Structures are given as C-alpha cells and as structure tokens.
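Treat the numbers as computed from the prediction; the structure is a model and nothing was measured. Counting starts at 1 for both ligands and their atoms, in listed order. The chain is numbered in sequence order, starting from 1.
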Amino acid sequence: RQAIEAAWPGLELIVLPDDPAARLPAEVLERIDFAYFSGDVYPEYSRSFFAATQGAPNLRWLHTFNAGVDNPVFRRFLDRGVVLSTSSGSTAQPIAQSVIGGMLMLARPFLRWADAQRRRAWEPVPASEAPADLAGQRMTVVGLGAIGSEVARLARAFGLEVTGVRRSPRREGDPVERVVPPGELPALARETDWLVLACPLTEETRGLVSRDVLAALPRGACLLNVARGEVVDEAALIEALATGHLGGAYLDVFTTEPLPPDSPLWGLPNVIISPHNSAVAAGNERRATEGYFLPNLARMRAGQPLVNEVR
Ligand code: NDP
C-alpha cells in the first residue's frame, strides 16, 4: 500500500479487508477501474477479492501477483474483456533455488545423512555406493520462461548439460545450448537425467509427461516439478517411483491440493514434497509490486502495452 501511494499520491486506493465475508457496496464497486490482487489464489480471502472485483462493472484491468493463471477464476475476467497481467518473474529466483535444492538433495546423499542423523548414527556412505557425479549429467527444462531459464542458468553452474523445451525457437541470451519443441519431449526423455517442469498448465501441457514419457526416462532419472500437478500423469509417476524406475522426485505441485493424506507420494523414500511453497520468500510481494504492478500501472495510464499481459 505504501509503495502504491508513494508512486501515485492522487490515486483512490480501496483495500479489500482480509475477511472472506467482506463485500463492497455497489457505489464503491462502480468506482473501481483497475484492481491488483497481491495474494494467493486459493485461500478464503482470495475468493472474496475475486467475488468483489468480478462484480465491479467498470473494471478494465486486473493485475495479479501470480505467474500462472490457469485457475478458472482468471478466465472469467478475460471472458468479460478485462485486461489481465501477471507478475511472472517475481518469484523465479526462489523457485529456481528450490528446484536446485531439491536436485542437490537427491544428487548428494542428504536424505541418507539426515536419516542417520535422526538415529544419531555415524554412517558414512561407502565409496562402493558413491552417487554419480552431477557434472556432465543432462537436464531437460520444459517451459523455458522466467522460472525455467533461472533453473537452467543455475544448473549449468554445476556442469549440467541443459536443453530447453518450448514452442518458440532459441533466442539470443537463452541460458541453454539447445531449445526443442514440445513434440520432441518423448525422444529427448531418453537422454534426460533431470526432468524439470516449469511450463504453464494449458490444454497442450495437461498430461504432457505421460506414462510413456516417464518410461522413456533412463532408470534412476529424477523429476522436479514446480509447474502444475496436472502436467504429469500422477498415477504413472507414483508407479515409476515405487518400482525404482525413477530415482527420485522433488514435487511442489500435485493433481489435488492439498495433497491428500492417503497419497502414496507422502511415504515414498526418494520424494521431497513442498506444499506448493517452492516460491516462499520475503521479497516476493515487493518484487511483484515494484517490479511489475507499478510499472504496468504507469504503462496503463500512458496507454502503452503492458508487460506480462495474458492473451
Ligand atoms: P513464463 O510465462 O515466463 O514461461 C512459461 C514458459 O513455458 C515459456 O518459455 C513458454 O514458451 C513455455 N511454454 C508454453 N507452452 C508450452 C508448451 N506447450 N510446452 C512447452 N513449453 C511451453 O512463466 P513462468 O516461468 O513465470 O511460470 C511458468 C509456470 O510455472 C506458471 O504458468 C505456473 O503454472 C508455474 N508456477 C508455479 C509456481 C509455484 O509456486 N510452484 C509459482 C509461479 C509459477 P513458449 O510460449 O514459447 O512455448
């Protein structure tokens, strides 16, 4: 609020109270011509935000803190002609760091050491069971946008060979040697040790990592998913992990969230779960407001094209 008021002192700012039952009176709703959603899509509070702004007859523009806009609530705004823009990029660094952290936990013996530590046991990993060197392993990043590019950049510092998968061709400055279209994923899977998912959930990406793609990965390969649960065939993933075909997984997102207590994923030894929380970082709100919302507000007022506009 302070950042917005400092940037635009004359702006009438209506802050929706943090109360799921809150409703704005009709005369206030009529005065809203743009809205900034600065929180999470899922809790109660967000439902009241969307209920209120959905009913604002003069709303022209909605900017959201989120990067992914697959939640149907956003479609309703687009369908009534509201311009929608996102803060994609504002959480790319913490998410990429979580991906790399998950990779290191699986690549180095952290799970084994932590288990021994809890038992107060001094159990060095013997040389005969030494993990494979990370340098020279092959990573495939599906969705080479803000998050995927940061993952690729960091992974290359560990000596991994990184290939990007996305619809548009390689661009100057892409932090990968090679970019291939999504149709090549089944073939590429055969040469992938680390499969990272950082694409949006769309009709094209739903189920993209199918049973066949999982089966094509070499034995011992690992999956790192920070995109959306529905990008993967979750039943096939559970099977591939349980049979040992996959060496492990770092999963932030799931087909059903919260992940149900009876999901087999909770109990699999080589699975690291973060509860759709890979992005958590104190600087996110500031990055979204100062880096995306305020610059877009200036562009909107100047009649210029917005950054991260959803089409
Ligand atoms: P960006 O828009 O910056 O990047 C998306 C990338 O995906 C682009 O490179 C795009 O390239 C590519 N892409 C789109 N369609 C396909 C496809 N069919 N196959 C392969 N690649 C595709 O988004 P972000 O990096 O900011 O975020 C990506 C996704 O990550 C979000 O949509 C969201 O679902 C998820 N996310 C998860 C969070 C979490 O907390 N776990 C938080 C933030 C985001 P092209 O268009 O050329 O194909």
Side-chain angles (χ1 to χ4, degrees), residues 37-43 46 64-75 84-102 140-154 162-171 173-176 178-186 188-189 192 195-210 213 223-232 249-255 257-259 272-281 283-285 287-288 291-292 306-311:
F37 177 54
S38 66
D40 203 304
V41 177
Y42 301 97
S46 68
T64 179
F65 163 85
N66 302 83
V69 286
D70 50 280
N71 190 301
V73 79
F74 293 112
R75 176 49 50 196
L84 175 65
S85 55
T86 76
S87 304
S88 163
S90 62
T91 56
Q93 283 189 0
I95 294 176
Q97 289 160 8
S98 297
V99 170
I100 297 297
T140 295
V141 181
V142 180
L144 198 64
I147 297 169
S149 296
E150 182 63 3
V151 171
R153 190 182 73 80
L154 295 174
V162 189
T163 302
V165 176
R166 75 165 177 232
R167 295 165 305 176
S168 50
R170 191 173 185 288
R171 289 191 283 269
D174 277 336
V176 291
R178 199 160 58 122
V179 174
V180 302
E184 289 188 27
L185 181 61
L188 186 61
T192 297
L195 180 58
V196 178
L197 306 181
C199 56
L201 176 65
T202 63
E203 283 322 304
E204 275 176 287
T205 62
R206 190 180 297 275
L208 182 70
V209 180
S210 60
V213 168
L223 178 77
L224 310 165
N225 187 7
V226 288
R228 289 289 183 262
E230 296 96 319
V231 176
V232 185
Y250 163 57
L251 305 173
D252 188 49
V253 287
F254 305 88
T255 305
E257 296 182 8
L259 183 64
I272 298 155
I273 288 175
S274 54
H276 204 138
N277 200 214
S278 62
V280 68
N284 289 343
E285 202 169 326
R287 275 190 292 272
Y292 297 85
L306 301 184
V307 166
N308 283 349
E309 183 175 341
V310 178
R311 294 180 189 281

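At the shortest separation from atom 17 (C) of ligand 1 among protein heavy atoms lies Thr205 CG2, 3.5 Å. Scanning all protein heavy atoms for the shortest distance to atom 13 (N) of ligand 1 gives Pro200 CD, 3.8 Å. At the top of the distance list for atom 37 (C) of ligand 1, counting protein heavy atoms only, stands Val226 O, 3.0 Å. The closest protein non-hydrogen atom to atom 16 (C) of ligand 1 is Arg167 NE, 3.8 Å. The closest protein non-hydrogen atom to atom 19 (N) of ligand 1 is Pro182 CG, 3.3 Å. The nearest heavy-atom contact from the protein to atom 26 (O) of ligand 1 is Ser88 OG, 2.6 Å. For atom 31 (C) of ligand 1, the nearest protein heavy atom (residue, atom name, distance) is Gly68 CA, 3.8 Å. With respect to atom 4 (O) of ligand 1, the closest heavy atom belonging to the protein is Gly145 CA, 3.2 Å.
Judged as a salt bridge (charged side-chain N to carboxylate O under 4.0 Å, His left out), and not counting sequence neighbours, the contacts of Arg311 are Glu309.
Both the backbone and the side chain of Ile147 come within 4.0 Å of ligand 1, counting heavy atoms alone. At a 4.0 Å heavy-atom cut-off, ligand 1 touches Ala146 through backbone and side chain alike. Residue-level proximity to ligand 1 for Glu204 is carried by the side chain, the only part with a heavy atom below 4.0 angstrom.
A donor atom on one side chain and an acceptor atom on the other are found under 3.5 Å apart for Thr192 and Thr140. With 3.5 Å as the limit, one finds a donor-acceptor pair spanning the side chains of Tyr250 and Ser274.
Two residues are said to be in side-chain contact when any heavy atoms from C-beta on lie closer than 4.5 Å; Leu197 and Leu224 fail this criterion.
Judged by distance alone, the side chain of Asn71 and the main-chain N or O of Val73 form a donor-acceptor pair under 3.5 Å. The closest donor-acceptor contact from the side chain of Arg170 to the backbone of Val179 lies at 3.5 Å or more, if one exists at all. Under a 3.5 Å cut-off, the side chain of Asn308 and the backbone N or O of Ser88 do form a donor-acceptor pair. The backbone N or O of Leu251 sits nowhere less than 3.5 Å from a side-chain atom of Asn225 that would complete a donor-acceptor pair.
Residue Arg228 approaches ligand 1 through these ligand atoms, each under 4.0 Å from one of its heavy atoms: 33 (C), 34 (O), 35 (C), 36 (N), 37 (C). If you number the atoms of ligand 1 from 1 as listed, the ones under 4.0 Å from a heavy atom of Val165 come out as 20 (C), 21 (N). Listed by atom number, the atoms of ligand 1 under 4.0 Å from His276 heavy atoms are 39 (C), 40 (O), 41 (N). Set against the non-hydrogen atoms of Ala67, the atoms of ligand 1 under 4.0 Å away are 26 (O), 43 (C), 44 (C). Near Cys199, meaning under 4.0 Å from any of its heavy atoms, are these atoms of ligand 1: 7 (O), 29 (C), 34 (O).
In terms of heavy atoms, Ala281 sits closest to Arg287 at CB-NH2, 4.0 Å. Here the closest heavy-atom approach between residue Ile272 and residue Gly102 is recorded as CD1-O, 4.0 Å.
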Can you give the donor-acceptor pairs under 3.5 Å from side chains of residues 198-207 to other protein atoms, not counting sequence neighbours?
residue: Thr202; atom: OG1; partner: Glu204; partner atom: N; Å: 3.2
residue: Thr202; atom: OG1; partner: Thr205; partner atom: N; Å: 3.2
residue: Thr202; atom: OG1; partner: Thr205; partner atom: OG1; Å: 3.4
residue: Glu204; atom: OE1; partner: Arg167; partner atom: NH1; Å: 3.3
residue: Thr205; atom: OG1; partner: Pro200; partner atom: O; Å: 2.7
residue: Thr205; atom: OG1; partner: Thr202; partner atom: N; Å: 2.8
residue: Thr205; atom: OG1; partner: Thr202; partner atom: O; Å: 3.4

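An N or O contact shorter than 3.5 Å links Ser168 to ligand 1 by distance.
For the atom pair CD (Glu285) and OG (Ser87), the distance works out to 10.5 Å, reported to the nearest 0.5 Å.
Among Thr202, Val180, Val151, Ile95, the residue whose heavy atom lies nearest to atom 38 (C) of ligand 1 is Ile95.
Under a 4.0 Å heavy-atom criterion, Ala92 is not in contact with ligand 1.
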